[in-house]
Amino acid sequence: MVTAGPTQEPIDPVRYLSNRSSGRMGYAIAGAALEAGHSVVLISGRVNLVPPASARLIPVQTSDEMYEAVHRQLAECDVLVMCAAVADYKPALASPQKIKKTNRPVSLELIPTRDILGSLPQSRSFFVVGFAAETSDLEKNARKKLVEKHCDMIVANDVSGRATGMESADNEVTIFLHDDEEPIKLLRAPKEKIARELIKIISNAKKKV
């Protein structure tokens, strides 16, 4: 199972909070998994991409919809790749009507979204790959997420620039497994190539668990 793309958290019927994720990395991973002979469920936020033909696509919009979709599919999952850029916060209350522009400042109350990785059962039979998009302290933050979210693997990338990561056709990632293992670095390359290497690494790592 692969999650991909951004979530959109409604402010009112015409506005929402989101991020710059294009979904390309998640879609590339889904395609690479299919090429390797796996069956793939692709849970995707709204993106301008054509999903791999053989993937079972589950479209979602909000973080709550993605949370529910992931949990519905867990029973049939042997590997979960959480590549989606799920919003960390959402409006506490979405207006049912368009908020009209005025000359007064507007404050928007935000509340945390549900933590999908943190909600997964710790006793499980499936392998969990989390993603960490960082702008600083990449290794420190990635290792922290690996432990706190009980992941089997974290794929971290620096999104402070535009050459790789979000909105780019290329990526450059560092893969973290356990504290006693050296990180694996995949240098800048098209996301499709990075995805094929990731599928090989995930398959090998899962055999050791």
When you compare the side chains of Thr174 and Glu139, does any donor N or O come within less than 3.5 Å of an acceptor on the partner?
no
Any side-chain donor near an acceptor of the partner, Ser44 and Tyr27, under 3.5 Å:
yes
Once you round to the nearest 0.5 Å, how far does CD of Glu192 lie from CD of Glu35?
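Separation between the atoms: 9.5 Å.
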At what distance, to the nearest 0.5 angstrom, does CG of Asp88 lie from OG of Ser63?
9.5 Å
Just checking Phe127: does its CZ atom have more than 12 heavy atoms from other residues, nucleotides or ligands closer to it than 6.0 angstrom?
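Yes, CZ of Phe127 has more than 12 neighbouring heavy atoms, counting only those of other groups under 6.0 Å.
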Would you say CG of Asn48 has more than 12 non-hydrogen atoms from neighbouring residues, nucleotides or ligands within 6.0 angstrom?
no
Can you tell if the side chain of Met1 reaches within under 4.5 Å of the side chain of Phe126, non-hydrogen atoms only?
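They are not in contact (no side-chain heavy atoms under 4.5 Å apart), so the answer is no.
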Quick check: do Ile202 and Ile29 have side-chain heavy atoms less than 4.5 Å from each other?
no
Pairs satisfying salt bridge (Lys or Arg N to Asp or Glu O under 4.0 Å), at least one member in residues 100-112, at least two apart
none
Counting only N and O atoms by type, is there a donor-acceptor contact under 3.5 Å from the side chain of Lys98 to the main-chain atoms of Arg15?
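Absent.
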State whether the side chain of Asn19 and the backbone N or O of Pro6 hold a donor-acceptor pair below 3.5 Å, judged by distance alone.
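Not at all, since once roles are kept as given, no pair shorter than 3.5 Å links the two residues.
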Report the C-alpha distance between Asp115 and Lys149 in whole Å, list the side-chain angles of each, state the deciding distance to 0.1 Å, and finish with yes or no for salt bridge (charged side-chain N to carboxylate O under 4.0 Å, His left out).
CA-CA 9 Å; Asp115 185 347; Lys149 304 299 184 182; 2.3 Å; yes
Evaluate Asp64 against Thr62 for side chain to side chain donor-acceptor pair (under 3.5 Å), listing each step before the verdict.
CA-CA 5 Å; Asp64 284 330; Thr62 67; 5.1 Å; no
Do you know which of Ile43, Val129, Ile116, Leu120 makes side-chain contact (heavy atoms from CB on, under 4.5 Å) with Leu80?
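Result for side-chain contact (heavy atoms from CB on, under 4.5 Å) with Leu80: Leu120.
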Partners meeting side-chain hydrogen bond (donor to acceptor under 3.5 Å, both in side chains) with Asp170 (sequence neighbours left out):
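Residues passing side-chain hydrogen bond (donor to acceptor under 3.5 Å, both in side chains) with Asp170: Arg188.
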Same cluster for Leu108 and Tyr89 if Ile/Leu/Val/Met/Phe/Trp/Tyr side chains link at under 4.5 Å?
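Yes: a chain of side-chain contacts under 4.5 Å links Leu108 to Tyr89.
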